[in-house]
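Reviewing the structure listed below.
Ligands are counted one by one from 1 in listed order, and the atoms in each one are counted from 1 as well.
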Amino acid sequence: MSQPGTISRYTTAQRINHWITAGCFILLALSGMSLFHPSLFFLTDLFGGGPYTRAIHPWFGVVLLVSFAILFVRFFHHNLWNRDDTAWIGKIDKVISNHEEDVPDVGRYNAGQKLVFWSMTLLILVLFVTGIVIWDQYFFGFTSIEVKRVAIAIHSLAAVAIIAVFIAHVYAGIWIRGTMGGMLHGSVTPGWAFRHHRKWLRDLARGR
Ligand code: HEM
């Protein structure tokens, strides 16, 4: 239930799903970075030392995959690309400088959010597939050492990319005032919707 005078943006189940995914991602990033470079090895202390970190990291990945898959099913149709998104990206300088007068109205998500959504989807798939190849505990015999070497390189590059996407996602959530409230409490103000997602507000008003 949203507060009177506010608009519901996320249900409780959607928010729980999102925050489980976010929590898993942070645990994955911390445990992954600790295995990535000796200078970050101290982070293994968070997980009970090197062997435990090595053992738990892939399981965080499995939970993230399942949690993100549910998030994906819930939100992918809101993230389909349309012509307005291409026009919006073309005016990104106006969006950043807060001169949004002739920027196309935005639906439930803007083009930047959609790019984050599809990048996360692609990178999670790459991380999962390459992660399985290098999960020696269960899958050592299925691939050669050469294949594992390539998989490790791709896994590390994809991890660096998804951490960059994650930083952009969190930064955008904080930068646009009122956005975080939607994911924390489930609702946003009509002013926020009018300013940032006018087409979505119009659709809601029409009962769509
Ligand atoms: C501390 C970390 C995170 C914070 C603070 C955060 C914050 C937010 C906020 C504020 C929104 C609402 C945006 C809106 O309604 O316009 C959102 C939506 C969303 N977040 Fe996160 N998030 C975090 C981590 C993640 C992670 C790790 C993932 C996926 C791997 C993720 C996936 C999503 C998705 C799929 C949506 C719905 C937007 C869409 O479908 O495009 N978030 N997040």
Side-chain angles (χ1 to χ4, degrees), residues 2-3 6-33 46 57-82 84-85 88-89 92 95 100 103 105-131 155 158-204:
S2 49
Q3 298 284 315
T6 63
I7 302 169
S8 171
R9 187 151 167 93
Y10 295 106
T11 63
T12 305
Q14 287 170 337
R15 281 179 284 140
I16 292 172
N17 188 180
H18 174 268
W19 290 118
I20 288 176
T21 311
C24 270
F25 183 89
I26 291 166
L27 293 172
L28 261 173
L30 289 171
S31 55
M33 286 190 305
L46 294 170
H57 176 75
W59 287 109
F60 289 144
V62 171
V63 179
L64 177 101
L65 183 84
V66 173
S67 181
F68 186 80
I70 300 170
L71 212 52
F72 179 87
V73 170
R74 290 179 194 279
F75 291 114
F76 85 91
H77 62 285
H78 294 304
N79 286 280
L80 298 174
W81 198 261
N82 60 47
D84 284 348
D85 293 321
W88 191 91
I89 283 286
I92 193 70
V95 176
E100 297 183 43
V103 174
D105 287 351
V106 171
R108 183 167 169 130
Y109 297 115
N110 65 41
Q113 291 176 296
K114 291 181 183 183
L115 287 174
V116 164
F117 180 85
W118 292 110
S119 313
M120 280 177 169
T121 304
L122 179 75
L123 291 166
I124 286 171
L125 281 177
V126 170
L127 285 164
F128 187 72
V129 172
T130 51
H155 195 78
V160 171
I162 202 168
I163 289 171
V165 173
F166 169 76
I167 292 172
H169 177 65
V170 175
Y171 183 78
I174 296 169
W175 185 48
I176 307 291
R177 212 188 308 154
T179 307
M180 200 59 82
M183 203 36 105
L184 289 173
H185 319 294
S187 55
V188 290
T189 62
W192 179 91
F194 183 77
R195 171 107 199 257
H196 302 294
H197 298 275
R198 203 164 297 171
K199 208 157 36 141
W200 175 63
L201 181 64
R202 230 181 278 126
D203 286 347
L204 286 179

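- For a threshold of 3.5 Å applied to N or O pairs, the pair formed by Thr179 and ligand 1 contains no separation below that value.
- Under the 4.0 angstrom criterion for non-hydrogen atoms, Trp19 is in contact with ligand 1.
- Atoms of the protein (N, O or S only) found under 2.8 Å from atom 21 (Fe) of ligand 1 are His18 NE2, His169 NE2.
- At least one heavy atom of Gln113 sits closer than 4.0 Å to an atom of ligand 1.
- Counting heavy atoms under 4.0 Å from ligand 1, residue Phe72 does not touch it at all.
- The protein atom (non-hydrogen) at minimum distance from atom 14 (C) of ligand 1 is Tyr10 OH, 3.2 Å.
- What sits closest to atom 41 (O) of ligand 1 on the protein, heavy atoms only, is Asn79 OD1, 2.9 Å.
- The closest non-hydrogen atom to atom 10 (C) of ligand 1, taken over Arg108, Arg15, Met180, comes from Met180.
- For an aromatic pair to be called close, the ring centres must be under 6.0 Å apart, and His197 with Trp192 satisfies this.
- Arg9 has its side chain out of reach of Met183: every pair of non-hydrogen atoms, C-beta onward, lies at least 4.5 Å apart.
- The single protein non-hydrogen atom nearest to atom 27 (C) of ligand 1 is Phe25 CB, 3.4 Å, given as residue, atom name and distance.
- If you number the atoms of ligand 1 from 1 as listed, the ones under 4.0 Å from a heavy atom of Phe117 come out as 35 (C), 39 (C), 40 (O), 41 (O).
- Between Met120, His77, His196, Arg9, it is Met120 that holds the heavy atom closest to atom 30 (C) of ligand 1.
- Every atom of ligand 1 is numbered from 1 in the order shown, and the set under 4.0 Å from a heavy atom of Phe75 is 40 (O).
- At a 4.0 Å heavy-atom cut-off, ligand 1 does not touch Ile174 at all.
- At a threshold of 4.0 Å, the pair Arg108-Asp203 does not count as salt-bridged, since none of the basic side-chain nitrogens sits closer than that to a carboxylate oxygen.
- Of the residues listed (Phe72, Tyr109, Trp81), the one engaging Phe117 in a ring-ring contact (aromatic ring centres under 6.0 Å, His included) is Phe72, and it is the only one.
- Residue contact check: Phe166 has heavy atoms under 4.0 Å from atoms 2 (C), 24 (C), 27 (C) of ligand 1.
- Here NE2 of His18 is found 14.0 Å from CD1 of Ile70. Values are rounded to the nearest 0.5 Å.
- Under the salt bridge (Lys or Arg N to Asp or Glu O under 4.0 Å) criterion, Arg202 pairs with Asp105, not counting sequence neighbours.
- Lys114 places a side-chain N or O within 3.5 Å of a backbone atom of Leu80 that can act as its donor or acceptor partner.
- Distance alone, capped at 3.5 Å, places no donor-acceptor pair between the Trp19 side chain and the Leu184 backbone.
- The closest heavy-atom contact to atom 37 (C) of ligand 1, among the options Tyr171, Tyr109, Phe68, comes from Tyr109.
- Here the CZ atom belonging to Arg74 is positioned 12.5 Å from the CZ atom belonging to Phe68, to the nearest 0.5 angstrom.
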